[in-house]
Amino acid sequence: MDRLRATFGRRLREQQPLGRYTSARIGGIADALLEVNSLDELADAAQTLWDLGTNFLVLGGGSNILVSDAGVRELVILNQASQVRFAEEEFHSVWAESGAGLGALARQAAAKGLGGLEWAAGIPGTLGGAVVGNAGAHGGDVSTVLDLAEILHHTQGKQEWSAADLAFGYRQSWFKGHPGEAVVLGARLNLVKKPASEIRSQMDAFLAYRRLTQPPGASMGSMFKNPPGESAGRLIEAAGLKGKRIGSAQISPLHGNFFLNLGEARATDVYALIQAARQAVRDQAGVDLELEIGLVGEW
Ligand code: EPU
């Protein structure tokens with residue numbers, strides 16, 4: 001810690017509760033947190049930490065993770081790098097730093113009459129997190145629009161990777177198989193010129209479907225990946241677990257794949273619900289549900 005204090009000075013914030021940086025509002029204390037506000041700051045911080053041999057993780061919108069009650073011993077980089085640039089010449093695209101919000105990017109594109117991100121309306125989290133998890137909805141996902149990702153690799157430095165380099169799959173990318181080896185600095189997404197009213201009404205339809213089928217309130221989004229040809233939510237409903245509550249954590253009565261924090265839920269309560277859902281679906285349907293969210297910190 002002394003080396004980190006000497007390196008980052010007053011920018012290093014110690015003993016930071018992480019719940020406030022997550023969409024589920026759950027999580028213990030991070031020993032140390034460093035906020036970065038630009039691509040260069042993010043790249044400098046990551047390189048410095050690799051040089052020091054200090055493990056770290058990059059936190060974006062905190063919308064697809066469950067942070068343990070015991071908190072995080074690695075240094076947490078809070079990614080607030082959120083510059084956005086639209087290119088509207090021959091080929092339409094948007095380039096953004098990885099801490100930019102994906103839903104906000106979709107809205108800004110729509111306002112400019114640029115389509116392609118309609119599916120992303122209402123998706124929480126950052127562009128960087130969306131690249132790592134190949135975020136998607138309504139038949140679209142990051143892999144279908146990504147032109148290139150600017151990444152910093154721990155041994156190979158700054159690079160531009162194409163969608164093929166990123167080995168995308170369903171909620172899957174190269175990053176998931178190589179934790180700690182690279183960070184997403186920014187990405188360029190392909191867009192298409194379209195009447196703004198057309199984009200708007202498609203987005204409104206997606207948002208309306210979301211409001212109808214997904215609960216509001218503090219959650220991590222979908223807890224499990226959908227098994228091939230199935231829906232995790234339907235399986236959890238069929239196992240009779242919708243509405244099940246442990247402490248202040250609850251499986252949503254509206255959608256079985258959303259786990260809610262009703263107030264002061266602890267990560268262990270959510271984890272107990274995860275185990276209960278897995279067990280019940282295994283018993284009922286013979287299916288092993290795979291977590292979509294990432295478990296962060298000490299478990
Ligand atoms: N269903 C049930 N019971 C439930 C929930 C769903 O029977 O409790 C049924 C629905 O009636 C529907 C089917 O299951 O027939 C699929 O449900 P839904 O349309 O709500 O979509 P989903 O498969 O549960 C996926 C993504 C969401 C994305 C929506 C909309 C995954 C794990 N989830 O949900 O993505 O927003 O489609 O496109 O891929 C996320 O990944 O975090 C996420 C929210």
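Numbering of ligands and ligand atoms starts at 1, following listing order.
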**Q** Can you find a heavy atom in the side chain of Leu59 that is under 4.5 Å from one in the side chain of Ile65?
**A**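 Yes, close enough: below the 4.5 Å cut-off.
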**Q** Can you tell me if Asn134 uses its side chain to pair, donor with acceptor, with the backbone of Val142 under 3.5 Å?
**A**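 Yes, the answer is positive, given that a donor and an acceptor are paired below the 3.5 Å cut-off.
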**Q** So, does Gln250 use its side chain to make a donor-acceptor pair with the main chain of Gly243 at under 3.5 Å?
**A**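 Pair found, side chain donor or acceptor close to backbone of Gly243.
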**Q** I'd like to check the salt bridge (charged side-chain N to carboxylate O under 4.0 Å, His left out) partners of Glu41; sequence neighbours left out, ordered by chain and number.
**A**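 In terms of salt bridge (charged side-chain N to carboxylate O under 4.0 Å, His left out), with neighbours along the sequence ignored, Glu41 is linked to Arg11.
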**Q** Show the atoms of ligand 1 that are less than 4.0 angstrom away from any heavy atom in Phe224.
**A**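 Counting from 1, the qualifying ligand atoms are 32 (C).
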**Q** Does a sphere of radius 6.0 Å around NZ in Lys244 hold more than 12 heavy atoms from other residues, nucleotides or ligands, not counting ones at 6.0 Å or beyond?
**A**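 No.
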**Q** In ligand 1, which numbered atoms sit nearer than 4.0 Å to a non-hydrogen atom of Phe258?
**A**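 Those qualifying, in numeric order: 44 (C).
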**Q** Counting only heavy atoms from other residues, nucleotides and ligands, does the tally under 6.0 Å from CZ of Arg210 exceed 12?
**A**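 More than 12 heavy atoms, drawn from other residues, nucleotides or ligands, come within 6.0 Å of this atom.
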**Q** In the protein, what heavy atom is nearest to atom 18 (P) of ligand 1, and what distance, to one decimal place, separates them?
**A**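 That would be Tyr209 OH, 3.5 Å.
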**Q** Can you confirm whether some protein heavy atom lies under 4.0 Å from atom 10 (C) of ligand 1, or whether none does?
**A**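 Answer no: nothing from the protein, no heavy atom, is under 4.0 Å.
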**Q** Can you give each donor-acceptor pair under 3.5 Å made by side-chain atoms of residues 289-299, sequence neighbours left out, with the distance rounded to 0.1 Å?
**A**
| unit_1 | atom_1 | unit_2 | atom_2 | d |
| --- | --- | --- | --- | --- |
| Glu290 | OE2 | Lys225 | NZ | 3.3 |
| Glu298 | OE1 | Arg73 | NH1 | 3.0 |
| Trp299 | NE1 | Val296 | O | 3.1 |

**Q** Please check this pair: side chain of Ser252 against backbone of Gly256, looking for a donor-acceptor N/O pair closer than 3.5 Å.
**A**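 The answer is no, because no donor-acceptor pair under 3.5 Å joins these two groups.
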**Q** Can you tell me which residue and heavy atom of the protein come closest to atom 25 (C) of ligand 1, and the distance to 0.1 Å?
**A**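 Among all protein heavy atoms, the one nearest atom 25 (C) of ligand 1 is Asn226 ND2, 4.1 Å.
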**Q** Distance under 4.0 Å to a non-hydrogen atom of Ala137: what atoms of ligand 1 satisfy this?
**A**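 Heavy-atom distances to Ala137 below 4.0 Å select 28 (C), 36 (O), 38 (O).
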**Q** Are any of the N/O atoms on Asn257, whether in the backbone or the side chain, positioned under 3.5 angstrom from an N/O atom of ligand 1?
**A**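 N/O-N/O distance below 3.5 Å does not exist for this pair.
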**Q** Measure the shortest side-chain to side-chain distance between Gln214 and Tyr209 over non-hydrogen atoms and say whether it is less than 4.5 angstrom.
**A**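 Contact flag for Gln214/Tyr209 side chains = no.
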**Q** Show which atoms of ligand 1 fall inside a sub-4.0 Å distance from at least one heavy-atom site of Lys242.
**A**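 Taking each heavy atom of Lys242 in turn, ligand 1 has 3 (N), 4 (C), 8 (O) under 4.0 Å.
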**Q** Identify the protein heavy atom lying closest to atom 36 (O) of ligand 1, giving its residue, its atom name and the separation to 0.1 Å.
**A**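 For this ligand atom, the closest protein heavy atom is Gln214 NE2, 2.9 Å.
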**Q** Please answer: with hydrophobic residues joined when any side-chain heavy atoms are less than 4.5 Å apart, are Val132 and Leu18 in the same cluster?
**A**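 Val132 does not cluster with Leu18.
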**Q** Would you say atom 41 (O) of ligand 1 has a protein heavy atom nearer than 4.0 Å?
**A**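 Within 4.0 Å of atom 41 (O) of ligand 1, protein heavy atoms are found.
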**Q** Considering only non-hydrogen protein atoms, determine which one is nearest to atom 7 (O) of ligand 1 and report residue, atom name and distance to 0.1 Å.
**A**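 Residue, atom and distance for the closest contact: Arg234 CG, 3.2 Å.
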**Q** For atom 15 (O) of ligand 1, is the nearest protein heavy atom closer than 4.0 Å?
**A**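 Answer no: nothing from the protein, no heavy atom, is under 4.0 Å.
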**Q** Any non-hydrogen atom of Phe206 lying under 4.0 Å from ligand 1?
**A**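 Checking ligand 1 against Phe206, which is what was asked, there is no heavy-atom contact under 4.0 Å.
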**Q** Quick one: does Met220 get a heavy atom under 4.0 Å from ligand 1?
**A**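 So Met220 does not count as touching ligand 1.
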**Q** Give the numbers and elements of all ligand 1 atoms closer than 4.0 Å to a heavy atom of Tyr170.
**A**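 Under 4.0 Å from Tyr170, ligand 1 has these atoms: 31 (C), 32 (C), 39 (O).
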**Q** Considering both backbone and side-chain atoms of Gly256, is one of its nitrogen or oxygen atoms within less than 3.5 Å of a nitrogen or oxygen in ligand 1?
**A**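 N/O-N/O distance below 3.5 Å exists for this pair.
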**Q** Nearest heavy atom to atom 26 (C) of ligand 1: which of Arg171, His138, Glu230 does it belong to?
**A**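 Minimum heavy-atom distance to atom 26 (C) of ligand 1 goes to Arg171.
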**Q** Quick one: is the NZ or CZ of Arg188 closer than 6.0 Å to the six-membered ring centre of Trp95, and within 45° of its axis?
**A**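 No, Arg188 does not lie over the aromatic ring of Trp95.
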**Q** Given side chains that start at C-beta, do those of Glu14 and Arg5 come closer than 4.5 Å, heavy atoms only?
**A**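 Yes, at least one pair of side-chain atoms sits under 4.5 Å.
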**Q** Using a strict cut-off of 4.0 Å, indicate which atoms of ligand 1 neighbour a heavy atom of Arg210.
**A**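 Taking each heavy atom of Arg210 in turn, ligand 1 has 36 (O) under 4.0 Å.
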**Q** Suppose we measure from atom 44 (C) of ligand 1 to each protein heavy atom; which comes out shortest, and what is that distance?
**A**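 Here the closest protein heavy atom is Ser222 OG, 3.2 Å.
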**Q** If you measure from each non-hydrogen atom of His255 to ligand 1, which part falls under 4.0 Å: side chain, backbone, both or neither?
**A**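 Near ligand 1, His255 shows its backbone as well as its side chain.
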**Q** What do you think, any protein heavy atom under 4.0 angstrom from atom 4 (C) of ligand 1?
**A**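 Protein heavy atom within 4.0 Å of atom 4 (C) of ligand 1: present.
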**Q** With a 6.0 Å cut-off on the ring centroids, do Phe56 and Trp50 count as close?
**A**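 Here the rings of Trp50 and Phe56 have centres that are less than 6.0 Å from each other.
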